[in-house]
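Below is one structure, written out as structure tokens; the observations come after it.
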Amino acid sequence: MPELPEVETTVRGLTPVLQGERLKSVVTRRGDLRRPFPDDLAQRMTGATITALGRRAKYGLIDTDRGDTMIFHLGMSGRWRVDPTELEKHDHLVIETDSGRRVALSDPRRFGSVDLVPTAELAAFPAFKALGPEPLGPDLTGAYLKQALKGRVASIKQMLLDQRIVAGLGNIYVCEALYAARISPKREASRISLAKLDRLVTEIRAVLESAIAAGGSSLRNFVHPDGNLGYFSKEFLVYGREGEPCGCGGTVKRYVEGGRSTFWCPKCQS
DNA sequence: AACAATACCTGGCAGC
DNA sequence: TGCTGCCAGGTATTGT
């Protein structure tokens, strides 16, 4: 899934389909993903007009003229299908507009979520309360990271996956950003110099922006909402490349921590 | 409090 | 072809 760039491209893909449109129908085809759909989701969304779409961390936001925001998360395998010819088994939520467009939220593994909250209360949404800064916004700086990682003995890899430190990074882009910054994923977070953290911030932004520009990456499950496959995955330099040569002459290695694979080059990342 | 490991659910793929 | 085991981008919770 969907890490930040994939959610961003999803939102950008949905915007021309939904923004300014009145919803003719909103149908849930099973009762829950990670948690139940809101009981009144269909009732509050049907007949509403979409005023804006946005993103916070890995969450997509859909605002209505009734003062609600629908918050969706794509989990591991979620994607929106735009104007599907036929609905499939895992199209759990289907939205139709007055102008005849149809979008379906598909999520085979069902780790995603859909919530509906008053827009004015977005900041109080539980998953948003402790989120760290947006990596593409002005608040993520080397100095911020230096402070946030102070006293933390866990690895920089673990810290960057923590949404309270930085919001929106996932396993792939953490691996890629650490590689680009030549920082070992195993490095104790508090022991990285300010200069290295500055460099890390630069590389995080570059990796994310490059992925967004490429239309989002595609591993097994992500499909751009217009139906085209993303293609940034071809450009991963370490992720999924165990055993392949690194440009420095070293070899890409993989290790598992907390059930997650980390890819890195021990020779040039220290 | 911080950290590590596990649970959640399903499908795809490699290997036999 | 069919079976088995392993792997997967996520968050939340539990245990140490």
Side-chain angles (χ1 to χ4, degrees), chain A residues 1-11 29-37 55-60 71-80 88-92 105-115 125-132 135 148-178 185-191 204 207-208 211-212 214-225 229-236 238-243 254-263:
Chain A
M1 119 173 164
E3 301 183 28
L4 184 154
E6 290 74 26
V7 179
E8 180 64 28
T9 52
T10 293
V11 167
R29 301 175 74 232
R30 65 165 290 152
D32 64 298
L33 293 176
R34 168 178 289 281
R35 46 179 176 270
F37 288 116
R55 179 191 59 75
R56 174 75 173 108
K58 299 173 192 171
Y59 294 83
I71 305 168
F72 68 85
H73 194 290
L74 298 175
M76 297 271 264
S77 59
R79 60 190 172 104
W80 283 93
E88 295 171 357
K89 180 180 174 185
H90 296 296
D91 291 334
H92 304 308
L105 177 61
S106 167
D107 186 3
R109 284 179 77 181
R110 296 187 19 243
F111 284 175
S113 61
V114 173
D115 294 280
F125 182 63
F128 288 1
K129 277 196 276 191
L131 279 182
L149 299 176
K150 199 172 182 177
R152 305 301 297 267
V153 297
S155 70
I156 185 64
K157 165 81 190 306
Q158 293 302 319
M159 290 294 96
L160 292 179
L161 285 175
D162 186 337
Q163 303 297 296
R164 294 167 298 187
I165 305 288
V166 186
L169 297 180
N171 204 36
I172 290 179
Y173 296 113
V174 166
C175 290
E176 293 296 314
L178 287 171
K186 299 182 178 181
R187 189 72 181 278
E188 191 177 316
S190 63
R191 300 184 58 194
I204 287 171
V207 159
L208 296 179
I212 291 169
S217 66
S218 86
L219 289 185
R220 291 181 182 84
N221 296 306
F222 178 74
V223 174
H224 193 266
L229 287 169
Y231 50 86
F232 187 68
S233 60
K234 280 183 284 200
E235 297 172 27
F236 293 152
V238 282
Y239 188 86
R241 294 188 179 277
E242 182 182 16
R254 179 176 85 105
Y255 68 90
V256 177
E257 186 179 6
R260 315 298 302 280
S261 287
T262 299
F263 297 88

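First the proteins, then the strands, lettered A, B, ... as listed; each starts at 1.
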For DNA chain B, produce a single dot-bracket line, 5' to 3'. Pairs: Watson-Crick or G-U wobble, both distances under 3.5 Å. Symbols: ( ) within strand, [ ] crossing, | other strand, . unpaired. .|||||||.|||||||
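For the salt bridge (Lys or Arg N to Asp or Glu O under 4.0 Å) test, residues two or more places apart in sequence or in another chain that qualify with A:R110 are A:D32. For A:D162, the salt bridge (Lys or Arg N to Asp or Glu O under 4.0 Å) partners are A:R164, not counting sequence neighbours. Residues forming a side-chain contact (heavy atoms from CB on, under 4.5 Å) with A:S106 (at least two apart in sequence, or on another chain): A:R79, A:R81, A:H90, A:D91, A:P108. For A:R187, there are no salt bridge (Lys or Arg N to Asp or Glu O under 4.0 Å) partners, not counting sequence neighbours. Contacts of A:E242 classified as salt bridge (Lys or Arg N to Asp or Glu O under 4.0 Å), with partners at least two apart in sequence or in another chain: A:R254.
If you check distances only, the side chain of A:R109 does reach the base of B:dC9 with a donor-acceptor pair under 3.5 Å.
Of the side-chain N and O atoms in A:H90, one or more sit less than 4.0 angstrom from OP1 or OP2 of B:dG11. Residue A:K58 places no side-chain N or O under 4.0 Å from the OP1 or OP2 atom of C:dG9. Side-chain N/O atoms of A:R254 include one lying less than 4.0 angstrom from OP1 or OP2 on C:dA8. Checking the phosphate oxygens (OP1, OP2) of B:dA1, no side-chain nitrogen or oxygen of A:R152 falls inside 4.0 Å. For the OP1/OP2 pair of C:dG10 and a distance below 4.0 Å, the side-chain nitrogens and oxygens of A:Y59 include no atom meeting the criterion.
Ranked by how close their nearest DNA chain B nucleotide is to the 5' end, A:M159 and A:R110 are led by A:M159.
Stacking is not found between A:F111 and the pyrimidine-like six-membered ring of the C:dT11 base under the 5.5 Å centre-distance and 30° plane-angle cut-offs.
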